[in-house]
Amino acid sequence: MKMYDFIGIGIGPFNLSVAALAEGLEGFSSLFLERKPHFSWHPGMMVPDCYMQTSFLKDLVSAVKPTNRHSFINYLVQRKKFYRFLTTEQRTVSREEFADYLCWAARNLDNLSFSQQVQQVSFDDKVGLFNVKTQRGYYRARHVCLGIGKQINLPACVTEQSDRCFHASEMMLRTPSLAGKRVTVVGGGQSGADLFLNILRSEWGQPAELNWVSRRNNYNALDEAAFANEYFTPEYMESFSTLGDSARRRMLAEQKMTSDGITTESLLAIYRAIYHRFEVLREKPWIRLMPSRSVTRVTPSRENQRLTLHHHVDNGEEQLDTNVVIFATGYRTARPAFLEPLAHRLHLNREEEYQVNTDFTLDWDGPQENRLFAVNAGMHSLGIAEPQLSLMAWRSARILNRVHPDEPFELTTTPGVIHWHSTSRHSESEHSESEATI
């Protein structure tokens with residue numbers, strides 16, 4: 001049973017960032033386990049002309065260690081395309097290029113182990129170590145970091161998936177033929193917009209009809225204003241964590257469009273494509289945009305999926321017959337079964353969510369010298385930036401500072417000019433209400 005200082009479970013971008021920064025730490029052993037046979041990042045979502053919403057400088061390492069060999073800049077140099085990339089004058093890169101960068105970094109790391117299905121994580125109080133069991137063996141670690149990602153989120157009325165009813169994350173895996181079919185996209189975020197635009201452009205064949213259903217009252221733009229981007233800083237994350245629970249939830253609702261909106265470029269491209277089709281070419285309209293609606297029932301038949309829609313503004317109910325329905329409805333947190341041996345030791349809040357601290361540790365009743373970390377599991381505690389790529393290098397460095405005796409990464413910043421709190425703080429019960437509008 002081999003022992004490590006640090007074991008990460010799941011190799012997505014977040015744990016890949018930890019692995020990249022941990023690689024060069026002298027005298028520090030780490031291992032990252034992944035059930036898939038090789039690294040991949042949302043392969044089913046790599047639709048054409050799809051771009052990142054964050055800067056390429058917010059890569060695995062650059063925010064805390066720009067000289068690290070796993071930076072995006074070094075990727076450009078090693079791929080022999082540095083100068084051509086600069087000539088494109090891109091503020092963000094395509095999802096395909098960022099995925100290629102992540103795969104490049106994964107191939108260059110030697111602390112990753114694939115085809116490792118974690119079956120159980122327990123803690124041995126006698127020796128003060130976590131035990132990690134996979135189908136290939138047993139490992140021990142002083143610290144463990146959960147980075148398994150989230151599960152697809154489908155409406156409760158969707159009981160099974162098929163080539164005619166599926167989640168957007170499987171689009172490029174199924175690659176269905178949509179020629180001559182009635183198609184409906186459900187979900188008004190960026191993923192829904194990317195799918196709608198590509199279907200409108202006949203990427204999978206010319207559909208007979210295309211509908212776009214969204215719960216939101218309009219197709220809302222991503223809030224990319226300068227001060228909105230302050231939410232994606234370490235200072236704001238730490239400030240947010242000190243708010244009371246009700247204030248945090250109100251702030252998350254208010255800030256939703258800073259992460260879940262649609263880029264202005266995508267909205268303009270969709271609008272121009274619609275204008276060209278139906279105003280310039282004068283085609284008979286074969287698309288419908290249907291905001292303010294939720295899918296409450298899916299009734300499959302031999303050829304169709306009959307959707308029952310509830311209108312949130314006028315409380316009306318509609319029936320929509322479609323051949324193919326694609327749900328771009330995001331992801332949800334799920335507790336991994338392999339944590340069951342530790343379930344009774346983990347502290348949860350009133351919503352049965354993990355208690356995530358500002359150093360990304362989970363509250364538990366085990367020894368304080370042994371830490372259980374989680375990434376992409378604490379938006380309710382740490383704010384809108386926690387599940388985003390924006391702070392992943394800083395978060396990785398903070399985690400490693402917590403477990404390494406030398407605290408190898410310098411994370412101090414210059415004071416900001418935005419004062420997120422009043423100078424006179426209230427009690428916890430009071431400031432949960434009074435600071436809800438910071």
Side-chain angles (χ1 to χ4, degrees), residues 12 41-47 50 53 95 148-176 178 182-200 204 210-222 252-253 255-263 266-267 270 287-300 305-313 317-335 351 353 376-377 379-380 384 386-388:
W41 184 55
H42 296 308
M45 284 298 297
M46 294 298 159
V47 297
C50 179
Q53 292 184 341
R95 287 180 64 87
I148 59 171
K150 297 185 177 182
Q151 295 183 354
I152 61 172
N153 182 50
L154 288 168
C157 59
V158 180
T159 57
E160 61 181 36
Q161 294 192 71
S162 68
D163 284 340
R164 295 186 293 122
C165 178
F166 57 91
H167 191 267
S169 62
E170 298 184 356
M171 187 66 189
M172 297 304 291
L173 304 178
R174 294 180 181 270
T175 57
L178 303 181
R182 293 170 294 174
V183 182
T184 299
V185 175
V186 179
Q190 185 66 49
S191 296
D194 291 335
L195 279 175
F196 181 84
L197 181 58
N198 276 280
I199 297 170
L200 179 60
W204 298 281
L210 176 58
N211 309 298
W212 189 8
V213 176
S214 174
R215 290 184 302 174
R216 298 170 186 172
N217 294 330
N218 204 339
Y219 299 90
N220 297 321
L222 183 72
L252 286 174
Q255 297 164 8
K256 189 173 181 64
M257 287 304 108
T258 62
S259 65
D260 288 353
I262 304 168
T263 62
S266 294
L267 289 172
I270 290 170
I287 70 168
R288 283 184 293 179
L289 274 62
M290 308 176 74
S292 306
R293 294 164 172 88
S294 289
V295 177
T296 60
R297 188 180 306 119
V298 179
T299 308
Q305 305 284 322
R306 171 162 287 186
L307 308 181
T308 301
L309 308 178
H310 172 73
H311 198 288
H312 297 292
V313 178
E317 185 174 279
E318 300 166 285
Q319 305 293 325
L320 178 62
D321 287 328
T322 188
N323 301 123
V324 178
V325 55
I326 307 166
F327 288 94
T329 44
Y331 300 83
R332 60 180 176 84
T333 301
R335 293 189 209 165
E351 281 71 35
E353 299 162 324
N376 195 9
M379 185 172 73
H380 57 282
I384 200 76
E386 200 276 336
Q388 307 299 321

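In this chain, residues are counted from 1 in sequence order. Scope of the values below: all heavy atoms of this structure, side chains included, with no hydrogens, waters or symmetry mates.
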**Asked** Between M379 and E386, what is the shortest heavy-atom contact and its length?
**Response** N-OE1, 3.5 Å
**Side chain T329, main chain N153, donor-acceptor under 3.5 Å** = yes
**Check against side-chain contact (heavy atoms from CB on, under 4.5 Å), Q151 and R332** = CA-CA 5 Å; Q151 295 183 354; R332 60 180 176 84; 3.2 Å; yes
**Request:** Search all heavy atoms of A168 against all heavy atoms of M45 and return the closest pair with its distance.
**Result:** O-SD, 3.0 Å
**Asked** Which is it for F166 and L173 under the side-chain contact (heavy atoms from CB on, under 4.5 Å) test, yes or no, and what are the steps along the way?
**Response** CA-CA 11 Å; F166 57 91; L173 304 178; over 6 Å; no
**Request:** Apply the side-chain contact (heavy atoms from CB on, under 4.5 Å) test between V325 and each candidate in L320, V186, V183; give the one that qualifies.
**Result:** V186
**Asked** Rounded to the nearest 0.5 Å, what separation is found between the NE2 atom of H167 and the CZ atom of R174?
**Response** 11.5 Å
**Prompt:** For R216 and P291, which heavy atoms make the closest approach, and how far apart are they?
**Reply:** O-CB, 3.3 Å
**Request:** Please state whether the rings of F196 and W212 are parallel, tilted or perpendicular, taking 30° and 60° as the class boundaries.
**Result:** parallel
**Request:** Apply the test side chain to side chain donor-acceptor pair (under 3.5 Å) to residues Q319 and T308: give CA-CA distance (whole Å), side-chain angles for both, the deciding distance (0.1 Å), then the verdict.
**Result:** CA-CA 5 Å; Q319 305 293 325; T308 301; 3.2 Å; yes
**Request:** Measure the spacing between CZ of R293 and CG of N211 and express it to the nearest 0.5 Å.
**Result:** 10.0 Å
**Item:** Criterion side-chain contact (heavy atoms from CB on, under 4.5 Å) on T296 and C157, from CA distance to verdict
**Value:** CA-CA 6 Å; T296 60; C157 59; 5.8 Å; no
**Prompt:** Below 4.5 Å, heavy atoms only, C-beta onward: do S294 and H312 meet side chain to side chain?
**Reply:** yes
**Heavy-atom pair with the smallest gap, counting every atom of L154 and V158** = CD1-CG1, 4.2 Å
**Request:** Could you grab the distance from atom CE of M290 to atom CG of L307, nearest 0.5 Å is fine?
**Result:** 9.0 Å
**Prompt:** When rounded to the nearest 0.5 angstrom, what is the spacing between CZ in R335 and CD in E353?
**Reply:** 9.5 Å
**Message:** Does H42 form a side chain to side chain donor-acceptor pair (under 3.5 Å) with S169? I'd like the steps, not just the answer.
**Reply:** CA-CA 7 Å; H42 296 308; S169 62; over 6 Å; no
**Request:** Rounded to the nearest 0.5 Å, what's the gap from CZ on R182 to CD on Q305? Could you check?
**Result:** 11.0 Å
**Fill in**
CG of L210 to CD1 of I199, rounded to nearest 0.5 Å, is 5.5 Å
**Asked** How far apart are the closest heavy atoms of T258 and L222, and which atoms are they?
**Response** O-CD1, 3.5 Å
**Request:** For W204 and P176, work out which heavy atoms get closest and say how close.
**Result:** CB-O, 3.4 Å
